[in-house]
Structure formats: structure tokens, C-alpha cells
Trainee: 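The following block contains the structure, expressed as C-alpha cells.
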Amino acid sequence: MAHTLTNQEVAELFETMAAALEILKKNLFRIRAYDRAAASIRQTNQSLFQLWQEENLDSIPGLGDTFIGYLDELFRTGKVKHFQEILAKVPPAVPDLMKLEGVGPKTAQALAAEFDLPRGPAGYKKLKKVAQQGKIQNLPGFGEKSEQEILDALANVTSDEKRLLLATALPIAEDVISYLTTSPDVLEAMSLGSLRRRAPTVGDIDIGVKTDKPDLVMEHLLKYSDIRQVLATGSKSTSFRHQTGLQVDVKTQSPDRWGSMLQHFTGSKQHNIHLRTLALQQGYSMSEYGLKTEQEESLSFEDEVNLYNQLGLVFIPPELREDRGEIASAQKGKLPNLVDLKDICGDLHMHCNLDIPTSHDRGANSVEELLDKALQKGYDYIAITDHNPPRRGLTAKERLEVTRVRRTQIQEAYLRWQDEQDRVVQLLIGYEVDITADGSLALEDDVLAELDFAIASIHTSHKQPQETMTERILTALNHPKVRILGHPTGRLLLSRAGIEADWPAIFEFCAKHNKFVEINASPDRLDLPAGLQRIAHEHKVKFVINTDTHYVNNMDLMRYGVWTARRGWTAKNEVLNTRNWADVKQALTG
DNA sequence: GCCGTTTTCGGCCCGACTGTTTTCAGTCG
């Protein structure tokens with residue numbers, strides 16, 4: 001009987017092992033190997049368990065023969081004997097204690113051993129008690145301040161650990177940046193880290209400031225009104241907890257080293273480690289300040305392009321910096337020509353507010369409002385794709401009837417609107433059709449025949465087993481009217497994992513039958529995820545980037561879809577809605 | 001314990017900040 005574990009659970013296990021080995025003062029590089037493997041597992045989109053079943057675990061960087069052996073044992077038996085032996089040697093409370101801010105393996109070990117702390121909430125409770133009694137400050141290596149810090153960390157333990165959607169964090173960062181730039185000493189300020197890499201969710205906000213007067217900038221920053229608590233402050237770096245609970249790190253750098261600082265704090269960590277290893281091979285030691293030769297000569301960089309070039313690489317866009325092969329590709333000068341927001345010529349998935357029965361939520365705005373916005377954005381075409389009429393409560397005949405009425409109403413509104421414009425915005429009329437649990441579409445063929453095209457999406461029964469799900473999707477895609485697979489995995493960031501399916505089989509089908517795979521720009525979806533896009537490329541799949549607009553201003557979220565596509569290494573020529581109207585019309589209705 | 005346009009052995013990224021320290025260890029990113 002196999003034991004299913006999520007990637008997160010396995011990653012945590014490896015992190016716990018790394019901490020235990022550190023406490024036991026084992027070889028530093030062995031510890032680092034566990035940490036690297038954990039990081040690698042965390043950022044893998046594919047299920048580790050599934051990869052194990054397919055004997056593909058060696059495709060994950062950082063997993064060698066030994067680790068793969070451990071994982072094999074873990075998935076077969078639910079435990080790893082070697083891990084249990086190691087973990088038995090450290091107090092059981094250590095992993096929980098390490099979740100506290102400022103508490104690492106050594107501190108956790110010292111506290112757990114001294115006070116005989118149990119694991120979980122009981123351990124936190126006892127720790128709080130001894131801290132309040134002033135018993136911690138008397139331990140060697142501890143003092144009054146570290147005791148207080150432990151109390152502060154305990155107070156934050158529940159509210160912490162939160163990740164936010166990219167679209168939630170970005171405006172917070174933009175507010176801090178706009179405050180910073182009110183100081184004349186700030187020459188430039190921009191978000192770095194996972195925010196700049198446009199990761200789907202972010203755990204903190206990193207901001208870089210270009211300045212010649214770092215002390216004055218930090219002084220200015222500490223007066224920012226939304227600071228809840230200052231965590232650390234110096235002239236190079238200040239960290240604070242924002243009112244929202246999010247941690248914000250602000251770093252300063254002089255203009256002559258701005259490029260190195262951007263690179264360093266944009267990360268990712270794994271990308272930087274790889275890059276520094278490459279630098280070492282070329283005789284440089286690399287840091288946030290620049291490169292140093294073996295003769296201690298320093299090279300500084302005002303911008304990132306020069307820095308990458310110095311290492312023999314073409315510039316790597318931030319979205320690619322995840323150590324997923326981008327460094328090797330940049331050495332060969334072979335990075336894809338990534339799609340850009342300005343390449344987008346239209347939006348092919350949006351919902352309007354016509355009073356026609358729909359199976360899911362209707363849009364909030366009229367056809368004319370959507371067209372106005374499309375014109376304003378310079379689009380050449382849009383598609384209005386409301387949810388299909390429901391199966392319950394309507395007869396097949398009524399579904400056909402409301403579909404015809406809808407089409408007439410949209411067309412009349414469109415013609416009236418277009419008549420008043422100098423520029424043409426082309427319009428397609430479709431539905432977003434539910435893929436029902438058995439793979440049939442939620443509409444009859446004669447209703448589908450009324451449409452220009454259909455997007456097929458899963459909105460129910462997300463938990464079907466992989467084989468059923470795959471068959472279900474392939475059956476739906478097989479209908480000639482269906483041209484787009486909408487929000488393919490159905491994931492909702494921070495709340496729902498995506499479906500399990502045989503993606504290579506689905507992608508192969510899509511490529512062969514000219515079906516387009518949607519990259520949904522809705523900030524809580526960002527679906528198809530980057531890792532699956534990479535697999536889709538291998539099968540020569542074409543994509544379409546859509547906003548799935550329900551409120552007219554959602555059309556401005558297109559940039560999130562483009563960023564997601566870029567993170568998946570998707571090039572302009574792989575995206576349908578970068579093409580002209582004739583191509584799009586042919587592709588969706590031909 | 002991983003990994004290889006130097007290698008199947010011998011390397012393995014770099015620095016800021018903090019607290020408790022008389023020169024540094026621990027934590028974090």
C-alpha cells in the first residue's frame with residue numbers, strides 16, 4: 001500500500017532533517033544538500049508521489065541516488081528508517097520551535113533541551129511561561145533582549161506563515177515605493193525578490209532603493225505610517241512588519257552598484273547560488289556588491305545586463321530566474337523570445353451582464369462597456385464567452401432559444417456600438433461550457449452550433465482520479481466547437497490544489513487537434529502554472545492568455561497572465577492572441 | 001549528500017544584522 005504525501009509534507013520532512021543534522025553538527029554540505037532538496041521539492045509543480053510512481057524522481061534537481069532511495073522507502077512504507085534514527089536524537093519540539101521568528105536549529109535545541117518542551121502548542125505554552133518567569137535570559141548565550149524576542153515571536157506565531165497573492169502584495173509594495181520616493185534622497189526604488197519574479201504568491205516584500213544617502217533614506221522609511229513593528233534596521237537593510245502582517249525588507253545601494261543589488265535581491269536563492277558557482281569557475285567571487293577577482297580587484301555594475309554579460313550570459317528576465325535551466329540556456333544565448341504585454345492584441349474570455357440564465361456567475365458589465373475598454377486598451381478583437389445556460393431548470397429547447405436570443409442581443413449591441421467608432425474592434429460570440437463529470441459538454445450540439453467557438457472548463461468534480469479526469473477532458477476537447485481548454489488545472493491559489501491529470505496526453509491531443517490551452521490571468525488562478533507550460537512546450541502546444549473578466553476592470557489583469565506565461569518560458573509566437581484578427585478568426589472558427 | 005565543458009573525487013555562495021560577545025555564533029535572505 002503506497003503512502004501519498006504532498007510535496008509540501010516531503011519538503012518539510014527534509015527541512016526537519018536538515019535542522020536535526022545541524023544540531024548534531026554533521027557535515028555542513030550534507031545539511032545543505034537536504035535544504036537544497038527541500039527547496040527544489042517545494043517549487044516543483046508536479047506531484048512528487050506521481051513522479052515516484054513513474055520512476056522519474058531523478059528529474060528533480062538536488063535528488064541523487066540516496067535521496068531517491070529515501071523517497072522510495074517513504075512512499076512505500078510511510079517512513080524512512082534513517083530519518084527516524086536521526087530525528088530520535090533531537091528533542092521532538094525542535095521543528096515547531098524553528099517556526100518562531102529568529103529561532104533556528106541551535107536556539108530551538110537549546111530551549112527544548114533546557115526546559116524539556118513538548119511538541120506543538122503545549123511546547124509554545126510552556127516556553128511562554130518560562131520566558132515570562134525570566135528563566136531564559138539566564139541561559140548562556142541568551143539575554144534580556146533575546147528573551148523578549150522569543151515572547152514577541154510567540155505572539156506572532158498564529159498570525160504568521162501567511163502567503164499572499166501576487167496581486168494582493170503588489171499594491172502594498174507600490175504604496176511603500178511611492179512613500180519612499182517622496183524623499184529627495186531616493187534616486188530609484190523598485191520591488192525585488194519573488195515580487196519582481198512575478199511568483200503567483202509571495203511571502204514577503206523586497207524593495208531596493210538606489211541612493212547616495214542610505215542613512216537618510218532609512219530614517220525616512222522608519223516614519224512610514226503602515227509599519228506595525230520594526231524587525232531590524234541598519235543603513236544597508238531594514239525589515240519591518242507591515243500593518244497587513246506582511247514582512248517588508250528594504251535594501252539600499254549606491255548607483256554604481258545598483259545592478260549587482262538588483263540581481264542579488266531578485267533571486268531566486270537557487271538561481272543566485274548557481275550563478276555564484278558559475279562566477280567562481282571563472283575566477284570571481286560574487287556578492288550583492290559585484291564581482292571580485294582572485295587578486296581582490298572589484299568590478300561593480302550599474303545595471304544587470306552588464307553583470308550577466310560579464311559572466312558570459314545574455315540577460316535573463318526576472319521571471320525565468322528559478323534555476324530551471326535558464327542559466328545553461330543563457331550561456332548558449334538561447335532564451336525564448338518571451339511574450340510581452342504589448343504583444344497582446346485581444347482578450348478571448350470574458351463575461352457580460354445580459355439577463356440570460358447562466359450556470360455560474362454572470363458578468364457585471366454590458367457588452368458596450370467591455371467594447372469600450374477593449375478600444376481603450378487598443379485591442380483588435382475580443383470574445384464574449386458567458387457561462388452556458390444551466391442544465392437544470394431549462395429544457396433543451398429553451399437552452400437553444402436563450403442562446404439565439406443572446407446572440408441577437410449581443411450582435412445588435414455590437415453593431416450599434418461599432419457604428420459610433422472610428423476604429424474596428426472585432427467580436428466573437430461563444431460560451432464557456434462546463435465539462436461535466438462524465439466528459440460530456442453541458443450543452444447539446446445544436447446549441448453549440450449557434451456559437452463561433454467554445455471554451456471548455458471544469459467547474460465541478462475536481463477530485464476525480466487521474467485516469468477518469470484525463471478521459472473526461474479529452475472527451476470534451478474532442479468536440480469540434482471546443483477550441484480552448486479554460487483554466488486547465490482548476491487550481492485556486494492558497495485554497496484549492498489543481499486537478500490530477502495526465503498532462504502529457506492532454507497536451508499531445510491539443511497540439512495534434514489545434515486546441516488552445518488557456519493561461520488564465522485571474523490572480524487567484526494563474527493557470528496553466530509555469531511548470532506545466534514547460535511540459536506543454538515539449539508537445540508544441542499553443543496558448544491563449546485570457547483574463548476571464550467578470551468586471552470590466554478585470555481586463556487590466558492581463559499583465560498577470562502575461563507574467564505567468566513568461567514564467568513558463570512561453571514565447572510570443574506560441575500565444576494565439578498576439579496574432580492578427582484573420583489568424584485568430586481562422587484558428588477559432590475555421 | 002549532490003554533482004561534473006576541471007572531476008566518479010573533491011569540491012560545495014555570500015553578506016547584513018543582532019545580541020551577547022571581548023572576537024563571534026546564530027539567523028535570515
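Hydrogens, waters and symmetry mates play no part in the numbers below; they use all other heavy atoms, side chains included. We name chains A, B, ... by the order of the sequence lines, and we start the count at 1 in each one. No experiment lies behind these values; they were computed from the predicted model shown.
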Trainee: Take atom C1' in B:dT7 and the same atom in B:dC2, then report the distance between them in whole Å.
Mentor: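 After rounding to an integer number of Å, I get 13 Å for this pair.
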Trainee: Could you check which of B:dG19, B:dT18, B:dG1 has an atom nearest any side-chain atom of A:S146?
Mentor: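 Nearest listed nucleotide: B:dG19.
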Trainee: Which nucleotide in the list B:dT18, B:dG19, B:dG1 gets nearest to the side chain of A:N27?
Mentor: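 Comparing B:dT18, B:dG19, B:dG1 against the side chain of A:N27, the answer is B:dG1.
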Trainee: Between A:R32 and A:E22, does any side-chain N to carboxylate O distance fall below 4.0 Å?
Mentor: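 Salt bridge: no.
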Trainee: At under 4.0 Å between heavy atoms, what does A:Q281 touch on the DNA or RNA strands: base, sugar-phosphate, or nothing?
Mentor: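 Here A:Q281 touches the bases of the nucleic acid.
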Trainee: I need a per-nucleotide contact map over nucleotides 23-29 of chain B, read 5' to 3'. Cutoff is protein heavy atoms under 4.0 Å; write B for the base, S for backbone only, - otherwise.
Mentor: ---SSSS
Trainee: Heavy atoms only, 4.0 Å cut-off, all strands: where does A:S285 land among base, sugar-phosphate and nothing?
Mentor: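 If one applies the 4.0 Å heavy-atom cut-off, A:S285 turns out to touch the sugar-phosphate alone, with no base involved.
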Trainee: Not counting sequence neighbours, list each pair that qualifies as a salt bridge (charged side-chain N to carboxylate O under 4.0 Å, His left out) and has a residue in residues 79-98 of chain A.
Mentor: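 Listed once each, the pairs are A:K81-A:E85, A:D96-A:K99.
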Trainee: Mapping A:K292 and A:G62 onto DNA chain B by nearest heavy atom, which one lands closer to the 5' end?
Mentor: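 The residue closer to the strand's 5' end, by nearest nucleotide, is A:G62.
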Trainee: Looking only at atom C1', what distance separates B:dC14 and B:dC9, rounded to whole Å?
Mentor: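 Looking at atom C1' only, B:dC14 and B:dC9 are 25 Å apart.
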Trainee: Looking only at atom P, what distance separates B:dG29 and B:dT23, rounded to whole Å?
Mentor: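 Roughly 29 Å separates the two P atoms.
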Trainee: Atom CZ in A:R198, atom CZ in A:R196: separation rounded to 0.5 Å?
Mentor: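 Output value for this atom pair is 8.5 Å.
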Trainee: Describe the nucleic acid contact of A:T252 in one word from base, sugar-phosphate, nothing, applying a heavy-atom distance below 4.0 Å.
Mentor: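 Contact class for A:T252: none.
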Trainee: Round to a whole Å and report the spacing from NZ of A:K26 to C1' of B:dC12.
Mentor: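 Atom-to-atom, A:K26 to B:dC12, this comes out as 19 Å.
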Trainee: Rounded to whole angstrom, note down the P distance from B:dT6 over to B:dG1.
Mentor: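 It comes out at 27 Å once rounded to the nearest Å.
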Trainee: Is a salt bridge present between A:E322 and A:R197, judged by a nitrogen-to-oxygen distance below 4.0 Å?
Mentor: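 Yes, this pair counts.
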Trainee: Could you check A:A33 against A:I273 and say which one's nearest nucleotide on DNA chain B is further toward the 5' end?
Mentor: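 Comparing both residues, the 5'-ward one is A:A33.
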Trainee: Between B:dT27 and B:dT21, how far apart are the two P atoms, rounded to whole Å?
Mentor: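 After rounding to an integer number of Å, I get 16 Å for this pair.
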Trainee: Of the nucleotides B:dG15, B:dG1, B:dG19, which has the atom closest to the A:F29 side chain?
Mentor: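 Selected nucleotide: B:dG1.
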Trainee: Could you tell me whether A:P140 contacts a base, only the sugar-phosphate backbone, or nothing, with contacts defined as non-hydrogen atoms closer than 4.0 Å?
Mentor: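 Answer is nothing: A:P140 stays at 4.0 Å or more from every strand.
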Trainee: For A:E144, report the nucleic acid contact type (base, sugar-phosphate, nothing); a contact means any heavy atom under 4.0 Å.
Mentor: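 Answer is sugar-phosphate: A:E144 comes under 4.0 Å of backbone atoms only.
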Trainee: Has A:Y289 got a side-chain N or O lying under 4.0 Å from the OP1 or OP2 atom of B:dA16?
Mentor: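 Answer yes for this pair, as a side-chain N or O of A:Y289 is under 4.0 Å from OP1 or OP2.
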Trainee: Reckon A:Y34 has a side-chain N or O less than 4.0 Å from the OP1 or OP2 of B:dC2?
Mentor: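 For A:Y34, the contact criterion (side-chain N or O under 4.0 Å from OP1 or OP2 of B:dC2) is not met.
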Trainee: If the plane angle is over 60° it's perpendicular, under 30° parallel, otherwise tilted; pick one for A:F67 and A:F14.
Mentor: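 Perpendicular.
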Trainee: Do the ring planes of A:F75 and A:F49 sit parallel (below 30°), tilted (30 to 60°) or perpendicular (above 60°)?
Mentor: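 Because their plane-to-plane angle is over 60°, the rings of A:F75 and A:F49 count as perpendicular.
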Trainee: With both distances under 3.5 angstrom, what nucleotide forms a Watson-Crick or G-U wobble pair with B:dT8?
Mentor: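 The answer is none; no pair meets the criterion.
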Trainee: Would you kindly give the CG-to-P distance between A:D35 and B:dC12, to the nearest whole Å?
Mentor: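 Going from CG in A:D35 over to P in B:dC12 covers 18 Å.
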Trainee: Counting heavy atoms from C-beta on, name the nucleotide in B:dT20, B:dC17, B:dG1 closest to the side chain of A:K145.
Mentor: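 Selected nucleotide (nearest to the side chain): B:dT20.
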Trainee: Would you check if A:I136 and A:F115 make a side-chain contact, meaning some heavy-atom pair closer than 4.5 Å?
Mentor: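 Touching, per the 4.5 Å side-chain cut-off.
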Trainee: Could you give the CD-to-C1' distance, from A:Q253 to B:dG15, as a whole number of Å?
Mentor: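 So the CD-C1' distance, A:Q253 to B:dG15, works out to 12 Å.
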Trainee: Reckon A:L280 touches a base, only the sugar-phosphate, or nothing at all at heavy-atom distances under 4.0 Å?
Mentor: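 Since only primed, P, OP1 and OP2 atoms lie under 4.0 Å of A:L280, the category is sugar-phosphate.
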Trainee: Using atom CE of A:M17 as one end and atom P of B:dC2 as the other, report the distance to the nearest whole Å.
Mentor: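 My rounded result for the distance is 12 Å.
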Trainee: If you define the side chain from C-beta out and look only at heavy atoms, does anything of A:E304 sit under 4.5 Å from A:F315?
Mentor: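 They are in contact (side-chain heavy atoms under 4.5 Å apart), so the answer is yes.
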Trainee: Round to a whole Å and report the spacing from CD of A:E149 to C1' of B:dG19.
Mentor: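 Atom-to-atom, A:E149 to B:dG19, this comes out as 8 Å.
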Trainee: How far does the C1' atom of B:dC12 sit from the matching atom of B:dT8, given to the nearest Å?
Mentor: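 Approximately 16 Å lies between the C1' atom of B:dC12 and that of B:dT8.
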Trainee: On the nucleotide B:dC17, are OP1 or OP2 found under 4.0 Å from the side-chain N or O atoms that A:T233 carries?
Mentor: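 Answer no for this pair, as no side-chain N or O of A:T233 is under 4.0 Å from OP1 or OP2.
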Trainee: Rounded to whole angstrom, note down the C1' distance from B:dG26 over to B:dT20.
Mentor: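 Comparing C1' positions in B:dG26 and B:dT20 gives a spacing of 11 Å.
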Trainee: Find out whether A:V94 and A:P105 are in side-chain contact, i.e. whether some heavy atom of one side chain is under 4.5 Å from a heavy atom of the other.
Mentor: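 They are not in contact (no side-chain heavy atoms under 4.5 Å apart), so the answer is no.
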Trainee: Under 4.0 Å between any heavy atoms, over every strand shown, what does A:Y70 touch: base, sugar-phosphate, or nothing? Just pick one.
Mentor: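 Sugar-phosphate: the residue A:Y70, judged by heavy atoms under 4.0 Å, touches backbone atoms but no base.
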